[in-house]
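Everything on this sheet refers to the single structure shown next.
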Amino acid sequence: MKKALIAMSGGVDSSVCAYLMKAAGYACIGATMRLFDNEDAGIPAGRTCCSLDDTEDARAVAYRLQIPYYVFNFTGDFREQVIGRFAEAYARGETPNPCIDCNRYMKFDRLHRRAEELGCDVVATGHYARIERQGERYLLKKAADGNKDQTYVLHAMTQEQLGQTVFPLGDLKKTDVRKIAEEHGFANAHKRDSQDICFAPDGDYAGAIERYCGRCYPPGRFVDKNGNALGRHKGIIHYTIGQRKGLGLALPEPMYVCEIRASDNTVVLCKNEELFSKSLDAAGLNWIACGSPPEKLRVRAKVRYKHPEQWATVYPDGPDRAHIEFDEAQRAITPGQAVVLYDGDIVVGGGTILAAGR
RNA sequence: UGGGAUGUCGCCAAGUCGGCAAGGCACGGGACUUUGACUCCCGCAUCCGCAGGUUCGAGUCCUGCCAUCCCAG
């Protein structure tokens, strides 16, 4: 009998994941990763992914399924691998996606190593995505529920990780998952989907960064593309490319962030029309569908989570870099965010946006 | 101190022959969302520098005052 470690957050998805794995005949162990100390920080429980309440929900489901259940304290790794990278990226004027790093470094690395120590063959998570073996390679494919597809935040997975991972929800719709949870009396059947950054549940990610590094990011100048002063900003970590809200500037027309210059602590603003660019350069590319980058390929690309795919041509530049040209100019291509490449349902690969072309 | 101009929501700004306060920006709330954003929806001056007056009725007319700006000095 194959042994599986189930990543249980306390939410519906991972609970149903555990149920499905058990039903599929795996010897299951449930586990919750403790990633940060929110109770200590006085952060209200309920809307995060690993609060005490969530842990109790996970434990309750594990008990109901009669599977062993553990809580792993990964707070140190999380702080270093996820929050640290998050803070550093913002300090550079980029906009990171911590979910991607959490998957890459926590769920599919730290947790996998723990799973091995426990003698598990695979790790199962409640992600909406599919893994298929094709010859020697494992392919990452979109979930059946296109609306919930999470491949965007999974694009950094290695072949080894994919080979040791199971996504039982890949073929289900969210409504089916809730139905299963209901049928089995899971207390979290109607629990709200998680959202926001888990370690900044009140939405104050900037505050979380400042608490993390124990320093403040000073106010600076808002300028237009010609360098004319438009006002003062609250510190560069408060902004991202394309942002309109929260500038606190009453100008004749809506203005958006188009550049964050960490070097001189300046945020450049422009009109919406000036936010579009046709190309980008990406680094840290992880090729999933192929071992080495092809000469050049046509793909559908996403520049941020939850945004329609766009036709583009990829020009690889070395093993993990590429220049990508879109057929149509894209709005607010943001350094630090991921660009993920698709061929139909298949994730060809993905990487981090270095800069938008002009 | 003379001459001119202006004074409407936090900012900009419409307000016709007096008829019972547009819009944009900003802001607040919600929806959307396992990142940050974008977007969408809702809300946002019983009051028009102040005080009187004329009118059935005034931000819109009259009088005085106050304030600001510009040109003169």
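Model, not experiment: these values are computed from the prediction.
Non-hydrogen atoms lying under 4.0 Å from RNA chain B are contributed by Arg331(A), Thr334(A), Gln337(A), all within residues 320-339 of chain A. Proximity of residues 79-108 of chain A to RNA chain B (heavy atom under 4.0 angstrom from any strand atom) is restricted to Tyr90(A), Thr95(A), Pro96(A), Asn97(A), Pro98(A), Cys99(A). Taken residue by residue, residues 167-174 of chain A places no heavy atom nearer than 4.0 Å to RNA chain B.
Among the candidates Asp13(A), Leu20(A), Thr125(A), the single residue satisfying the side-chain contact (heavy atoms from CB on, under 4.5 Å) test with Pro168(A) is Leu20(A). A ring-ring contact (aromatic ring centres under 6.0 Å, His included) with Tyr239(A) is found for one member of Phe222(A), Tyr205(A), Tyr217(A), Tyr90(A) and no other, namely Phe222(A).
Salt bridge annotation for Lys173(A)-Asp176(A): absent, with no cationic side-chain nitrogen under 4.0 angstrom from a carboxylate oxygen. Taking the charged nitrogens against the carboxylate oxygens, Arg104(A) and Asp109(A) have no contact shorter than 4.0 Å, which rules out a salt bridge. A salt bridge links Glu132(A) to Lys141(A): one of the charged nitrogens lies within less than 4.0 Å of a carboxylate oxygen. A salt bridge does not link Glu88(A) to Arg85(A): none of the charged side-chain nitrogens sits closer than 4.0 Å to a carboxylate oxygen. With respect to Glu116(A) and Arg113(A), no salt bridge is recorded, no charged nitrogen being found less than 4.0 Å from a carboxylate O. Look at Lys271(A) and Glu273(A) and you find no salt bridge, because none of the NZ, NE, NH1 or NH2 atoms lies under 4.0 Å from a carboxylate O.
Asp193(A) places its CG atom 8 Å from the P atom of U33(B), with the value rounded to the nearest Å. Tyr152(A) places its OH atom 12 Å from the P atom of G36(B), with the value rounded to the nearest Å. Separating the CG atom of Asp149(A) from the P atom of U35(B) is a distance of 14 Å, rounded to the nearest angstrom. The nearest whole Å value for the distance from the OH atom in Tyr305(A) to the P atom in U34(B) is 4 Å. Rounded to whole angstrom, the span from the CG atom of Asp145(A) across to the P atom of U33(B) amounts to 11 Å. Spacing between atom CD of Gln243(A) and atom C1' of G36(B) amounts to 8 Å, rounded to whole angstrom units. Residue Leu230(A) contributes atom CG, which lies 16 Å from atom P of C25(B) at whole-angstrom precision. Nucleotide C25(B) holds its P atom 14 Å from the NZ atom of Lys271(A), rounded to whole Å.
For the pair His127(A) and Ile241(A), both in contact range of RNA chain B, the more 5′-proximal nearest nucleotide belongs to His127(A). Residues Leu251(A) and Tyr205(A) each lie close to RNA chain B; by heavy-atom proximity, the contact nearer the 5' end of the strand is made by Leu251(A).
At a threshold of 4.5 Å between non-hydrogen side-chain atoms, the residues Arg64(A) and Phe186(A) count as touching. Contact check for Ile353(A) versus Ile333(A): side-chain heavy atoms found under the 4.5 Å cut-off.
When atom types are taken as modelled, the side chain of Asn103(A) and the backbone of Val153(A) share a donor-acceptor pair closer than 3.5 angstrom. At least one donor-acceptor pair under 3.5 Å links the side chain of Asp145(A) to the backbone N or O of Asn147(A). Without hydrogens or angle criteria, Lys191(A) side chain to Gly10(A) main chain gives a donor-acceptor distance under 3.5 Å. Here the side chain of Gln161(A) pairs a donor or acceptor atom with the backbone of Phe108(A) at under 3.5 angstrom. In terms of modelled atom types and a separation under 3.5 Å, the side chain of Glu309(A) and the main chain of Lys302(A) share no donor-acceptor contact.
Distance noted for atom P between G29(B) and G36(B): 16 Å (whole Å). Atom C1' of G19(B) sits at a distance of 30 Å from the matching atom of C25(B), rounded to the whole Å. When the C1' atom is used for both G49(B) and U6(B), the distance is 11 Å, rounded to whole Å. Annotation: A45(B) and G24(B) have their P atoms spaced 14 Å apart (nearest Å). Taking the C1' atoms as reference points, G59(B) lies 16 Å from A51(B), given to the whole Å. A gap of 43 Å separates the C1' atoms of G73(B) and C17(B), to the nearest Å. To the nearest whole angstrom, the two P atoms, one in U60(B) and one in C20(B), are 14 Å apart. Comparing G18(B) with G10(B), their P atoms are spaced 29 Å from each other, to the whole Å.
Contact between the side-chain N/O atoms of Tyr256(A) and the OP1/OP2 oxygens of U39(B) is found at a separation under 4.0 Å.
Here the nucleotide nearest the side chain of Lys148(A), chosen from A37(B), U34(B), C11(B), is U34(B).
For His307(A) against A37(B), a side-chain-to-base donor-acceptor contact under 3.5 Å is present.
Evaluation of the side chain to side chain donor-acceptor pair (under 3.5 Å) rule for Asp193(A) yields Lys148(A), Lys174(A), Arg178(A) as partners, not counting sequence neighbours.
In RNA chain B, the stems built from three or more successive Watson-Crick or G-U pairs (distances below 3.5 Å) are B:1-7 with B:66-72, B:10-12 with B:23-25, B:27-31 with B:39-43, B:49-53 with B:61-65.
With rounding to the nearest 0.5 angstrom, the CD atom of Gln330(A) is 12.0 Å from the CG atom of Leu275(A).
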What N/O pairs connect the protein and nucleotides 27-32 of chain B at under 3.5 Å? Give each pair on its own line.
| residue | atom | partner | partner atom | Å |
| --- | --- | --- | --- | --- |
| C27(B) | OP1 | Gly246(A) | N | 3.0 |
| C27(B) | OP1 | Gly248(A) | N | 3.4 |

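His112(A) and Thr165(A) form a side-chain donor-acceptor contact under 3.5 Å, judged by distance and modelled atom types alone.
In this structure, C38(B) shows a glycosidic angle within 90 degrees of zero, which is the syn conformation.
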